[in-house]
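Below is one structure, written out as structure tokens, with a few remarks after it.
Chain A is the first sequence line, chain B the second, and so forth, proteins listed ahead of strands; every chain is numbered from 1. The figures here come from the full heavy-atom set of this structure, side chains too, leaving out hydrogens, waters and symmetry mates.
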Protein chains: 2
Amino acid sequence: MKLLIVEDDLALSDVLAFTLRRAGFTVALAYDGLAALAVWEREQPDLLVLDLNLPKLDGLAVCRQIRAQSDLPIIILSVRGGDEAVVQGLELGADDYVVKPFSPSQLVARVKALLRRAGRYATPGQLEIGEWVLDRGRNELQSSDSPPIRLTPLETRLLESLLQHTGQVLPSDTLIQLIWGHEGGDRAMLKQLVYRLRTKLETNPAHSLTIENVPGIGYTVEVRTED
Amino acid sequence: MKLLIVEDDLALSDVLAFTLRRAGFTVALAYDGLAALAVWEREQPDLLVLDLNLPKLDGLAVCRQIRAQSDLPIIILSVRGGDEAVVQGLELGADDYVVKPFSPSQLVARVKALLRRAGRYATPGQLEIGEWVLDRGRNELQSSDSPPIRLTPLETRLLESLLQHTGQVLPSDTLIQLIWGHEGGDRAMLKQLVYRLRTKLETNPAHSLTIENVPGIGYTVEVRTED
DNA sequence: TACGGGGGTAACAAAAAGGTAACAGAGGAA
DNA sequence: TTCCTCTGTTACCTTTTTGTTACCCCCGTA
């Protein structure tokens with residue numbers, strides 16, 4: 001399980017990395033906000049430990065950016081322990097907020113608790129739904145009884161977003177955010193992408209996986225389990 | 001979204017219940033460990049807020065028992081803030097551990113963060129009335145024992161407005177404001193909308209949900225509970 | 001009886017949202 | 001280079017949703 005620690009205090013960063021590695025995690029490090037985003041992109045960690053007070057790009061901004069594009073578990077570290085700060089951090093999408101100073105062992109426990117809750121202990125690069133497996137690492141959708149369907153990177157992200165929220169209707173704007181990030185992406189492109197993905201899903205004889213539209217809101221995925 | 005608060009300090013319990021209810025949650029209460037298990041069974045809450053120091057049955061024991069049978073999100077409250085206590089609580093299966101004293105607003109934020117992470121927050125906008133659930137996230141009206149009725153965005157807003165003021169008669173002008181905002185919308189359109197919504201509500205065999213007119217004033221919703 | 005207002009019903013038109021298709025540019029691989 | 005794939009762009013068609021208008025009924029009152 002890979003963690004990304006973003007902390008500019010080198011002493012603390014070292015201690016955390018040491019403790020977490022001893023607890024069995026793989027650790028990647030970043031020392032400022034911009035680097036954090038780059039490393040996140042490259043390393044695809046399973047959890048982020050994020051200090052708020054960072055050079056170059058504020059921790060809250062990092063949190064917001066990442067949360068806009070993924071549901072990566074995030075634990076914020078901060079010296080600011082006031083209610084407002086905590087509430088703000090959590091509302092921005094963080095999952096936990098730990099006030100400094102704290103003990104490394106407590107952080108380890110919180111990391112484990114969050115990973116457990118986020119269900120990341122299971123399939124790091126694979127999403128299982130019914131008879132389907134979405135392999136994010138190789139951009140394809142595998143079924144037990146038919147050849148895999150090759151997807152493009154964008155199609156993979158779309159399907160991933162939908163599958164991670166099975167049963168919910170994802171608003172178009174939310175989807176656009178999840179797929180293209182802040183800038184770039186509009187309704188027309190989403191329309192296109194949905195169309196292309198649907199076309200591919202239909203190539204499967206028993207297309208038990210369909211994308212439904214809810215007018216005025218967005219899209220959902222329907223998983224028909226075998227009758 | 002229903003929360004179960006297990007706390008034997010009545011003063012604190014009251015404050016928490018009040019704050020959480022104001023945040024839009026439904027709250028069930030229990031004051032000792034045995035009661036907690038009973039209420040949990042009966043109420044099937046979506047999240048548990050659990051004090052550790054309880055009469056009759058220790059909080060940790062409650063946590064262990066519940067965790068053994070379900071993956072209910074659990075937040076522990078405790079005066080014991082030492083590392084060992086926190087680690088022990090989290091390792092027992094709790095998702096978060098808040099040390100007293102804390103502010104209600106922070107607890108609300110943590111509750112929300114955990115629900116979000118647990119994927120139980122799937123329903124940020126559901127209105128429950130009798131056997132009906134108005135799902136604003138997907139524009140439909142669901143009943144326990146019949147297929148959902150699909151609504152258009154405007155119909156959803158109309159029904160939502162009416163349901164939020166069950167028992168009151170909403171003047172036509174107020175409704176127009178609520179549905180169309182400042183500009184746009186007139187009596188004729190409201191008439192039409194009410195007509196269309198009624199038509200859809202009638203498709204349900206036992207139409208226990210009807211929209212009544214009060215001449216010269218406006219409309220109300222009538223909820224007939226089962227006889 | 002005639003008149004007028006409020007409300008219900010209906011048909012039709014306009015506008016918005018969604019689906020489909022064709023095409024072009026970027027960039028990588030052969 | 002040439003040939004791919006992937007992505008973005010645009011256009012056009014279909015469906016859904018919303019707005020418009022007209023006509024009816026009921027009821028109270030002049």
*Write down the distance between CZ (B:R150) and P (D:dT15), rounded to a whole number of angstrom.*
14 Å

_Qualifying residues under salt bridge (Lys or Arg N to Asp or Glu O under 4.0 Å), relative to A:E84, sequence neighbours excluded_ = none

*Check A:K200, A:R136, A:R150 against A:E155 for a salt bridge (charged side-chain N to carboxylate O under 4.0 Å, His left out) and give me the one that passes.*
A:K200

*Could I get the full list of side-chain hydrogen bond (donor to acceptor under 3.5 Å, both in side chains) partners for B:R21, not counting sequence neighbours?*
none

*Between A:S172 and B:I217, name the one whose nearest nucleotide on DNA chain C is closer to the 5' end.*
B:I217

_Less than 4.0 angstrom between a side-chain N/O of B:W180 and OP1 or OP2 of D:dG19, yes or no?_
yes

*Check whether any side-chain N or O of A:Y219 sits under 4.0 Å from OP1 or OP2 of C:dG19, and answer yes or no.*
yes

_Test side-chain hydrogen bond (donor to acceptor under 3.5 Å, both in side chains) applied to A:D96 - qualifying residues, sequence neighbours left out_ = A:R110, B:R110

*Using atom CG of B:L197 as one end and atom P of D:dT17 as the other, report the distance to the nearest whole Å.*
13 Å

_Considering every strand and a 4.0 Å limit on heavy-atom distances, what is the contact class for A:Q192: base, sugar-phosphate, or nothing?_
base

*C:dT20, C:dT9, D:dT9: which one has an atom nearest the side-chain heavy atoms of A:Y195?*
C:dT20

Pick out the pairs of N or O atoms, protein on one side and nucleotides 24-30 of chain C on the other, that lie under 3.5 Å.
none

*Can you list every pair that meets side-chain hydrogen bond (donor to acceptor under 3.5 Å, both in side chains) and has a residue in residues 167-176 of chain B, with sequence neighbours left out?*
B:D173-B:R187

*Do A:T210 and A:E212 meet the criterion of a side-chain donor-acceptor pair at a distance under 3.5 Å?*
yes

*For B:N213 and D:dC27, give me the distance from atom CG to atom P, rounded to whole Å.*
13 Å

*Just call it for A:L154: base, sugar-phosphate, or nothing, with non-hydrogen atoms closer than 4.0 Å on any strand.*
sugar-phosphate

*Nearest-Å distance, CD1 (B:I176) to C1' (C:dG7)?*
13 Å

_D:dT16, OP1 or OP2 - any side-chain N/O from B:T152 closer than 4.0 Å?_
no

*Partner set under side-chain contact (heavy atoms from CB on, under 4.5 Å) for A:L92, not counting sequence neighbours*: A:L60, A:C63, A:R64

_Heavy-atom nearest nucleotide on DNA chain C for B:R198 versus A:V214: which residue maps closer to 5'?_
B:R198

